[in-house]
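So that the names make sense, note that chain A is the first sequence line, chain B the second, and so on, each numbered from 1. The model shown is predicted, which means the values in this text are computed figures rather than measured ones.
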Amino acid sequence: MIYNTEEELLEKARAAEGSTFGDLDKKGRLSNSRSKGGLGQIIEESYFGYKVNSNAEPDFKELGIELKVTPFKKNTKGKITAKERLVLNIINYMKEVDYTFDTSSFWNKNSKLLLMFYQWLPGVDRSDFKVTKSILFTFPESDLQIIKKDWETIVNKVRDGKAHELSEGDTNYLGACTKGANKSSLREQPFSEELAMQRAFSLKQSYMTSLVRKFIKNEELVSIAKSEELIKKSFEEILYDRFNPYIGLTVREIAQKQGIEYNQKAKSFIPLMISSLLGIKGTKLNDIEEFSKANIQFKTIRLEPNNRPRESMSFKNINFNQWFTESWEESEIRETFMSTKFLFVIFKYKETGKQNSERELYFEGLKLWNMPMRTIDKEVKEVWQETKRLVGEEVKIEYKKRGNTLIETNNFPKKDFNGVAHIRPKGRNGKDKVNLPNGQIVTKQCFWLNNNYIAEVLDGNK
DNA sequence: GCATGATCATGC
DNA sequence: GCATGATCATGC
C-alpha cells in the first residue's frame, strides 16, 4: 500500500486509535512468543503493510515520514509520562562527522514523525495495549534550535575523539542513548583508537513526556526562550544572561528588586527567585518548558568563604529492595545521573563561625552540569555495588552513646570511600527506620555527593 | 576542622 | 504522614 498524501497516511493511523495491538496484529506475531519484534514492527508490517527495514530513509519515504510507536504510562501521582525515550537511528560515528545538521542522518530520517502513542499498563498483556493517539509531528522552531545545538554537541564530541565518553546528559532534547545488548556492542570511531558503545539518536524521555502531555492532555508549558533568541544564543547562554546581572547581590537584595518576599526557611524561595529572574514569576520549575523537556533539576549550593560547600548534597532516600534487585545497567541511580542535567544555583556565605540563619547569603551564579559517564560507571557504581553487597549480606550496625542519646553507626561507604559519593542516614527522627533485604533494620539512608566533589565540579575539574 | 549521624521545618 | 532540603551537634 502506497500512501500518496500525508492526510491519507494520517487517516489510516488515526483509524487505529482505540484498537488494541491484538486487533491490529493480523499476522499473529503477538501470539507467537518466539517472534520477538516490538509493537512498532507489528504496526509497520501488519497494519501499514510494509517490510520492516533498517534503511537510512524514513519509513514512508515518498512522504519523508518516519513511523514511531511509543508508550506512555501513569506515574505514581496519576500524571501521564512517556514510558521511555524515543530511540531513533543508530549513529554511525565514522560517517556522521562529515555531515552538517541539514545533511545529518538524524534530520534525513526523522524530520517528520508519525507518532502513535499507546498506553502501557503494568501487568497487562501487550496485545491488550491500545493505540490512544496518532499524530503527525514536526519539531517546533524553538525546539529545533535546541536540537541543532544538541546534534552539534554530540557530533563535536565524536570529532574530538570522545565518542566513548558520550552521555545522554550532555544534551538537552536530542540525546545519544546506548543501543545494544551489552558492552560488547562496541563500534569504531574516526578520531580515536578507543572503541565506543554503539549509540542512537534519541528524543529524551523528558522530551517525550512533554509531547504526550501536550497531545493527549492538551497541557502546555511556559517557555523562557523564543526561537529568534535561540538562533543567536544557546539555551545555556540565555540562562546565564538572565542571571548574570544579579551575581554578587544578597538574596535579600534580589528579593527586594524582584518584589518577592524573602523567607530563609521557605522551601519555595529559591524556585520563586529562579522563576522571577527568568521573567515568569511563580511558574513551577517543572512547568518551564526548557527545564521540563531537558530534564533539568535545580539544586542549591551554599558555599563557605573558602568556596567549598560545608554540606554534601543529598538525593532521595534509598529504596534498598530496589537497589538489591536491579542490575547496574537498569538501576534507577544510573538512569538518574545519566539523564538528569543539574542546574546548580550557587550562593556563598562571606562570614564564618555563625549560624546560617544569621549569615547573609550572596548569589554567586549558575552552573549547568551532568555527571560524566566515566564517573557514573565507576565511582557511583562502586558505592552502589558495595551498598548492595552489604544489604544482601550483613551491615555492621553498632549503637554508641553520644551525650545522652544512643546513635546508630554503620559501615556503608563513607566519604573517604572513593572521593565522589557516600551513603549516610537521613530520617526525621530516631524512629525513621527501613527494612533491608537481609532482614536487618536501619535508619533510612540516602545517597550523597561529597561536598569536596561538588567543589571540584564547580572548579570545572569534574 | 571535619566526618558522621541526627533531626528540624516545610510542603504536598 | 511522609519525603525532602537543610542544618545542626558531637567527638575524634
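Here the nucleotide nearest the side chain of A:Asn452, chosen from B:dT4, B:dA9, B:dA3, is B:dA3. If you check C:dA3, B:dG5, C:dT4 against the side chain of A:Arg424, the one that comes closest is B:dG5. Side chain of A:Thr443, nearest nucleotide from B:dG5, B:dA6, B:dA9: B:dA6. In the set C:dA6, B:dA6, C:dC8, C:dC8 carries the atom at the smallest distance from any side-chain atom of A:Asn356. Each of C:dC8, C:dT7, C:dG5 was ranked by its minimum atom distance to the side chain of A:Lys299; first place goes to C:dG5. Across B:dG11, C:dG11, B:dC8, the shortest atom-to-atom separation from the side chain of A:Arg428 is found for B:dC8.
Rounded to whole Å, atom C1' of B:dG5 lies 9 Å from atom NZ of A:Lys414. Summarising the geometry, the separation between CH2 on A:Trp448 and C1' on C:dG5 is reported as 9 Å, rounded to the nearest angstrom. In this structure, A:Glu261 places its CD atom 13 Å from P of B:dT10, rounding to the nearest Å. Remark: P of B:dG5 and CG of A:Asn404 are 20 Å apart, rounded to the nearest angstrom. Distance, A:Phe269 CZ to B:dG11 C1': 17 Å, rounded to whole Å. Atom-to-atom, CD of A:Glu408 to C1' of B:dT4 comes out at 12 Å; the value is rounded to the nearest Å. Atom CZ of A:Phe298 and atom P of C:dA6 are 7 Å apart (whole Å). Summarising the geometry, the separation between CZ on A:Phe344 and P on C:dA6 is reported as 12 Å, rounded to the nearest angstrom.
Both A:Ser312 and A:Gly427 sit near DNA chain C, but only A:Gly427 has its closest nucleotide nearer the 5' end. When the nearest nucleotides of DNA chain C are assigned to A:Lys354 and A:Lys444 by heavy-atom distance, the more 5′-ward of the two goes with A:Lys444. Residues A:Ile407 and A:Asn451 both approach DNA chain B. Their nearest nucleotides, taken by heavy-atom distance, put A:Asn451 toward the 5′ side. Between A:Gly430 and A:Ser268, the residue anchored nearer the 5' end of DNA chain B, judged by the nucleotide with its closest heavy atom, is A:Gly430.
The existence of a salt bridge linking A:Lys226 and A:Glu229 is excluded, since no basic side-chain nitrogen approaches an acidic carboxylate oxygen closer than 4.0 Å. Under the 4.0 Å criterion applied to side-chain N and carboxylate O atoms, A:Arg334 and A:Asp377 are assigned as salt-bridge partners. The existence of a salt bridge linking A:Lys162 and A:Glu194 is excluded, since no basic side-chain nitrogen approaches an acidic carboxylate oxygen closer than 4.0 Å. Remark: A:Glu360 engages A:Arg252 in a salt bridge, criterion side-chain N to carboxylate O under 4.0 Å.
If you check every strand for non-hydrogen atoms under 4.0 Å, A:Arg310 touches a base. Heavy atoms of A:Gly403 sit under 4.0 angstrom from primed sugar atoms or phosphate atoms, though from no base atom. No contact: A:Asp432 has no heavy atom under 4.0 Å from any strand. Across all strands, A:Lys426 comes closer than 4.0 Å to base atoms (heavy-atom distances).
Distances shown here put every side-chain N or O of A:Gln355 at or beyond 4.0 Å from the OP1 or OP2 atom of C:dT7. Using a 4.0 Å cut-off, no side-chain N or O of A:Lys267 falls inside it from OP1 or OP2 of C:dG5. Residue A:Thr405 has no polar side-chain atom (N or O) positioned under 4.0 Å from OP1 or OP2 of B:dA6.
Under the 30°/60° scheme for interplanar angles, the aromatic rings of A:Tyr207 and A:Tyr173 are found to be tilted. Below 30°, between 30° and 60°, or above 60°: for A:Trp151 and A:Phe101 the angle between ring planes is above 60°, a perpendicular geometry.
Relative to the six-membered ring of A:Trp323, A:Lys388 misses at least one condition, a distance below 6.0 Å or an angle of at most 45° to the axis.
Side-chain atoms of A:Glu311 and base atoms of C:dC8 include a donor and an acceptor less than 3.5 Å apart. Judged by atom type and distance alone, A:Arg402 does not reach the base of C:dG11 through any side-chain donor-acceptor pair under 3.5 Å.
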